[in-house]
Amino acid sequence: MQFNEENSKSVIKEFFSKIHADDLLSQFFKGHDQERFQHHPETFMAHGMGEQKYSKEEIAKAHQGLEMNDEHFDTMIGHFMATMNEHGLSEEDKKTVNELLNSYKNDVLGR
Ligand code: HEM
């Protein structure tokens, strides 16, 4: 599975608007500068596509002190998977993406 430059942009845009429209998630980004807010969907997507842009330690550190729980994490993944659906990803590819993102759960939630 590969996204090209064009559809990557539209994935990021759609995913971004889903997070932004969801108070459960957008609260975490309030007070962060817009650049940071923009950066996160890209980072998230990269990891979902199997790129290891950041180490697990870096990911754990980035989320330290944010009071996130399973619901926040699962909701974020849910928005990403909905975006994947809208882009016609196969069931097999969605399973891979889901597993990859979930492999960061303990790091993000500081366990
Ligand atoms: C697989 C799941 C996730 C990955 C791989 C990931 C990755 C990252 C990375 C690499 C950073 C630092 C660099 C950047 O901003 O791009 C970061 C920061 C951040 N992440 Fe995540 N993230 C994940 C899940 C989440 C979830 C579920 C939330 C919120 C509900 C969240 C909220 C944030 C916030 C608010 C920051 C900024 C922290 C700060 O600068 O104080 N992340 N994330």
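Keep in mind the model is a prediction, meaning the values are calculated, not measured. By convention here, the first residue in the shown sequence is residue 1. Order of appearance sets the numbers: ligands from 1, and atoms from 1 within every ligand.
Considering only non-hydrogen protein atoms, atom 15 (O) of ligand 1 sits nearest to Arg36 NE, 3.3 Å. Closest to atom 29 (C) of ligand 1 among all protein heavy atoms lies Met68 SD, 3.1 Å. Among all non-hydrogen protein atoms, the one lying nearest atom 7 (C) of ligand 1 is His63 CE1, 3.6 Å. For atom 2 (C) of ligand 1, the closest non-hydrogen atom on the protein side is Phe44 CE1, 3.3 Å. Looking from atom 18 (C) of ligand 1 to the surrounding protein, the closest heavy atom is His40 CD2, 3.6 Å. In this structure, atom 39 (C) of ligand 1 lies nearest to the protein heavy atom His32 CE1, 3.2 Å. Nearest protein heavy-atom neighbour of atom 32 (C) of ligand 1: Phe29 CZ, 3.5 Å. Counting protein heavy atoms only, atom 35 (C) of ligand 1 is closest to Phe28 O, 3.3 Å.
Listed by number with element, the atoms of ligand 1 under 4.0 angstrom from any heavy atom of Ala62 are 11 (C), 12 (C), 17 (C), 18 (C), 38 (C). Within ligand 1, counting atoms from 1 as listed, the ones closer than 4.0 Å to a heavy atom of Leu101 are 1 (C). Less than 4.0 angstrom separates some heavy atom of Leu25 from each of these atoms of ligand 1: 30 (C).
Geometrically, ligand 1 and Tyr54 share no nitrogen or oxygen pair separated by less than 3.5 Å. The shortest N/O to N/O separation between His39 and ligand 1 falls below 3.5 Å.
Shown here for Glu67 and His72, the closest heavy-atom pair between the two residues is O-CE1, 3.8 Å. Minimum heavy-atom separation, Met49 to Leu100: C-CD1, 4.2 Å. Scanning all heavy atoms of the two residues, the minimum distance from Leu25 to Thr75 falls at CD1-CG2, 4.1 Å.
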Practice problem: Tell me, with the steps shown, if Met68 and Phe73 meet side-chain contact (heavy atoms from CB on, under 4.5 Å). | Solution: CA-CA 7 Å; Met68 281 187 294; Phe73 188 86; over 6 Å; no
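Within 6.0 Å of NZ in Lys105 there are more than 12 heavy atoms belonging to other residues, nucleotides or ligands.
A donor-acceptor pair under 3.5 Å links the side-chain atoms of Glu58 to the main chain of Ser55, judged by distance alone.
Between Lys95 and Glu92, no side-chain nitrogen of the basic residue sits less than 4.0 Å from a carboxylate oxygen of the acidic one, so the salt-bridge criterion is not met.
Neither the backbone nor the side chain of Thr75 has a heavy atom within less than 4.0 Å of ligand 1.
A donor and an acceptor atom, one from each side chain of Asn106 and Lys56, are nowhere located under 3.5 Å apart. Between the side chains of His79 and Asp22, at least one donor N or O sits under 3.5 Å from an acceptor N or O.
When each of Leu89, Asn98, Asp93 is paired with Met84, the side-chain contact (heavy atoms from CB on, under 4.5 Å) condition holds for Leu89 and for no other.
Considering each of Thr43, Asp22, Leu66, the one bringing a non-hydrogen atom nearest atom 36 (C) of ligand 1 is Leu66.
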